[in-house]
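Some notes on the structure that comes next.
The structure presented is a predicted model; accordingly, all values stated were derived computationally and were not measured. Chain letters run A, B, ... following the sequence lines, proteins first and then strands; every chain starts at 1.
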Protein chains: 2
Amino acid sequence: MRDDDTKTPAANLAMRTTASVRDDADATHKPRRKASIRASNETHLLACAEAVFAERGFEGASTALIAERAGLPKANLHYYFPTKLALYWRVLDDLFEEWNAAADTFDASDDPVVAIGGYVRAKMELSRRRPLGSKVWANEIISGATHMQDILLKRVKPWMESRVQLIERWIDEGLLAPVEPKTLLFMIWATTQHYADFEAQIRALAGKRALSAASFEATTEEVVKMILRASGARSPDA
Amino acid sequence: MRDDDTKTPAANLAMRTTASVRDDADATHKPRRKASIRASNETHLLACAEAVFAERGFEGASTALIAERAGLPKANLHYYFPTKLALYWRVLDDLFEEWNAAADTFDASDDPVVAIGGYVRAKMELSRRRPLGSKVWANEIISGATHMQDILLKRVKPWMESRVQLIERWIDEGLLAPVEPKTLLFMIWATTQHYADFEAQIRALAGKRALSAASFEATTEEVVKMILRASGARSPDA
DNA sequence: GTCTATAAGCAGATAGAC
DNA sequence: GTCTATCTGCTTATAGAC
């Protein structure tokens with residue numbers, strides 16, 4: 001009944017939303033309580049797993065440490081997630097959902113200044129709100145992205161290709177400088193994710209205050225300005 | 001006699017250059033041969049260690065795997081490097097030396113177009129030539145930079161602070177847009193290192209040809225152009 | 001300087017009582 | 001659904017013959 005835990009992240013995406021309500025048809029209150037215990041423990045374990053995978057990578061993370069952080073015996077972790085890999089896949093799934101939500105902001109407007117600016121802000125906000133998730137993603141890619149080929153090829157690549165066409169259209173319309181679209185997208189990803197992934201370096205070099213709420217917002221606007229300048233974006237004439 | 005292997009990376013920097021010639025005063029040829037065997041084995045082990053640390057992070061890497069890649073018994077690895085941590089520190093040391101060499105290009109000219117453009121090219125070239133090293137560095141920072149505090153605080157921070165002053169001077173002279181200097185430096189690091197660290201993602205999204213020599217050179221010039229535009233750099237009037 | 005054998009401990013995963 | 005005890009194998013590091 002927990003087959004979904006052993007499938008790849010991409011296969012998992014389709015099934016997961018229905019999983020947490022599968023017992024609700026039952027008449028007694030026991031299944032509902034069980035289901036909510038399950039949901040709450042799974043969520044908690046996923047959050048702790050995200051932190052440990054971020055700090056130590058997949059191979060370096062131990063299920064014992066994840067369970068300890070969650071305040072549960074290691075055997076409970078294996079009750080909810082049969083293998084370390086299944087747990088890891090669930091973490092990657094959740095991260096892609098957030099990535100996907102931010103990606104939507106790219107289509108908020110036909111004005112490249114609004115679209116690109118909004119996307120950069122969304123990615124910066126994601127770095128601020130969920131830096132551990134960004135680190136897990138980065139670790140996975142650095143290690144060769146072996147567990148993410150499905151997500152990259154079936155989800156990220158199609159998104160990128162259609163955004164490349166949109167950028168090329170903007171260039172044709174004279175709303176963007178003649179940039180290589182992929183280079184622009186990579187620059188946006190690299191720069192915004194840097195504030196999550198390289199947090200420790202920024203803290204060491206620029207001091208703790210560099211990551212305070214007010215300072216982070218100012219940095220976000222700096223990044224937006226620089227990316228817009230780099231891309232040569234201008235708003236269409238009204 | 002191998003005390004240097006157990007010190008921190010920063011302490012190591014000062015001693016290492018003299019270490020490999022310490023037996024040369026000896027009259028017999030034996031010490032020289034021994035020294036060169038040592039040098040060659042150490043170099044080989046360091047290269048293999050860099051690859052394994054890049055793929056799996058510090059905690060995930062095993063000395064057994066490093067030794068196997070080097071074609072040596074594990075005990076030999078421990079003969080040259082007493083602990084896994086000592087080996088890791090030596091790898092980080094070597095990486096910082098390369099980082100430092102690239103950093104020098106920033107001072108090649110008083111013209112911000114030449115200085116910034118040259119630095120971006122040097123960092124891109126480093127990403128192309130030694131992607132594994134960049135990945136080890138990234139892994140270390142993502143994991144909290146616990147083993148790099150010395151290098152960051154004593155070496156990188158002073159360099160950054162003096163470059164920040166240089167950038168502020170350029171802004172005062174009207175040769176750069178009024179950017180936040182640190183944000184510009186972080187954007188340069190993030191964007192250039194992305195081509196090493198996120199190699200697997202680029203390959204999956206843009207295809208293998210994206211990293212061919214000709215294509216990489218074209219991308220480098222794209223990145224240079226975009227960074228220069230982002231910073232609003234212009235050459236001083238002659 | 002090389003390498004087999006092994007110590008001491010931690011990893012992922014499971015059995016089975018409660 | 002929880003948790004102790006345990007299996008099996010891999011981890012870092014060392015001993016000691018050659």
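- Summarising the geometry, the separation between OH on A/Y88 and P on C/dG12 is reported as 14 Å, rounded to the nearest angstrom.
- Look at CD on B/E42: it is 11 Å from P on C/dT2, rounded to the nearest Å.
- B/E125 pairs by the side chain to side chain donor-acceptor pair (under 3.5 Å) definition with B/R128, not counting sequence neighbours.
- Aromatic ring orientation, A/F186 versus B/H194: tilted (interplanar angle from 30° to 60°).
- For A/N139, there are no side chain to side chain donor-acceptor pair (under 3.5 Å) partners two or more places apart in sequence or in a different chain.
- Place A/A61 and B/L72 on DNA chain C by their nearest nucleotides, and B/L72 ends up nearer the 5' end.
- If you look at A/W159 and A/F106, their ring centroids are closer than 6.0 Å.
- The aromatic rings of B/W99 and B/F96 lie parallel to each other, with less than 30° between the two planes, well short of the 60° mark.
- In terms of heavy atoms, A/I227 sits closest to A/I188 at CG2-CG1, 3.8 Å.
- Put simply, CG on B/L65 is 13 Å from P on D/dC10, counting in whole angstrom units.
- Panel note: side chain A/S143, backbone A/E140; no donor-acceptor pair is recorded below 3.5 Å.
- Here D/dT11 presents its C1' atom at 13 Å from CD of B/E59, a figure rounded to the nearest Å.
- The interatomic distance linking B/F81 (CZ) with D/dA13 (P) rounds to 13 Å, in whole Å.
- Relative to the side chain of B/P73, the nucleotides C/dA11, D/dG1, C/dT4 differ in distance, and C/dT4 lies closest.
- Going from atom CG of B/L45 over to atom P of C/dT2 covers 10 Å, rounded to whole Å.
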> Reading nucleotides 13-18 of chain C 5' to 3', which nucleotides get B (base under 4.0 Å from a protein heavy atom), which S (sugar-phosphate only), which -?
Replying inline: BBB---
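- The CD-P distance, from B/E68 to D/dT12, rounds to 13 Å in whole Å.
- Closest to the side chain of B/Y80, from the set C/dG1, C/dA11, D/dT2, is C/dG1.
- Rounding to whole angstrom units, CD1 of residue B/I66 and C1' of D/dA13 are separated by 14 Å.
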